[in-house]
Every structure is written in structure tokens, then in C-alpha cells.
Amino acid sequence: DLYNQYKPENTAGGDANETITVTGALATDLVHATLHTVGGTPRTILTARANTNAIDVVMSGDPSTDHVLTYTVLRAAA
């Protein structure tokens, strides 16, 4: 089942770790995250993992606030 498709989210900046609130997400869900817009200091996504009501994205460095991430959260069908 597709839980949440193509949701753009600006990075918060200040740290390579970004936590994005995704109400209803479970730690067992799968996350597909991409860079929609690369900011002035290009960064890459190292990992993207689901957590309870959030996804945790680790980037190659502080992305500042000018990167835009998009994500899809997938959940196995029951």
C-alpha cells in the first residue's frame, strides 16, 4: 500500500540529520526519499528511515534551509 506519495518538504538546516513529521508512519514502513531541489551547498541523502510518526533522513552535511526533499512512505499490504 502507498501511504504518502510525493510530499515536498524543505530542510530545516543546522544539522545533517533531518526529522520530518509524517503522522501515521510506522518504524516498519519503507521510505523512498529524493532531492527535489538542491540548495546552494549541494548535499546528498545517505539514509532515510521510517520511525513512529516521522521519517529520519541523514544527509552528507548540513543542507541549510534551501534543499527540498520529497518522500514516499510504503507499507506492506496486510
Side-chain angles (χ1 to χ4, degrees):
D1 287 347
L2 185 60
Y3 175 68
N4 193 344
Q5 185 178 20
Y6 192 75
K7 171 78 168 72
E9 189 77 35
N10 280 68
T11 52
D15 195 309
N17 300 303
E18 295 279 328
T19 298
I20 301 169
T21 300
V22 182
T23 303
L26 302 174
T28 54
D29 292 341
L30 298 175
V31 176
H32 178 254
T34 59
L35 280 170
H36 179 271
T37 304
V38 176
T41 304
R43 301 295 185 204
T44 58
I45 297 171
L46 301 178
T47 62
R49 294 193 174 110
N51 207 338
T52 303
N53 291 317
I55 59 173
D56 298 319
V57 180
V58 178
M59 302 190 70
S60 59
D62 178 1
S64 190
T65 58
D66 60 354
H67 283 63
V68 178
L69 303 175
T70 56
Y71 61 86
T72 304
V73 178
L74 301 167
R75 182 168 300 152

Can you tell me how far the [atom1] atom of [X] sits from the [atom2] atom of [Y], to the nearest 0.5 Å?
{"X": "T28", "Y": "L74", "atom1": "OG1", "atom2": "CG", "value": "11.5 Å"}
{"X": "I55", "Y": "T21", "atom1": "CD1", "atom2": "OG1", "value": "9.5 Å"}
{"X": "D66", "Y": "T41", "atom1": "CG", "atom2": "OG1", "value": "7.0 Å"}

For [X] and [Y], which heavy atoms make the closest approach, and how far apart are they?
{"X": "A48", "Y": "A33", "result": "CB-CB, 3.8 Å"}
{"X": "L35", "Y": "H67", "result": "CD2-CD2, 3.9 Å"}
{"X": "P63", "Y": "A16", "result": "CD-CA, 4.4 Å"}

### Message
Any non-hydrogen side-chain atom of R49 less than 4.5 Å from a side-chain atom of T47?
### Response
yes
### Message
Are the side chains of R43 and S60 in contact, using a 4.5 Å heavy-atom criterion?
### Response
yes
### Task
Would you sort out whether Y71 and T34 count as a side chain to side chain contact (heavy atoms under 4.5 Å, CB included), showing the intermediate values?
CA-CA 6 Å; Y71 61 86; T34 59; over 6 Å; no
### Query
Taking a hydrophobic cluster as the set of Ile, Leu, Val, Met, Phe, Trp and Tyr residues connected by side-chain heavy atoms closer than 4.5 Å, whether directly or through intermediates, do I45 and V38 fall within one such cluster?
yes
### Query
Is it true that the side chains of D56 and T19 contain a donor and an acceptor less than 3.5 Å apart?
yes
### Pair T11-T65, side-chain donor/acceptor within less than 3.5 Å
no
### Query
Do side-chain atoms of N51 reach the backbone of A27 as a donor and acceptor pair under 3.5 angstrom?
no
### Task
Spell out, as yes or no, whether a donor-acceptor pair under 3.5 Å connects the side chain of E9 to the backbone of T70.
no
### D29 bridged to R75 by N-O distance under 4.0 Å
yes
### Check against side chain to side chain contact (heavy atoms under 4.5 Å, CB included), L69 and M59
CA-CA 11 Å; L69 303 175; M59 302 190 70; 4.1 Å; yes
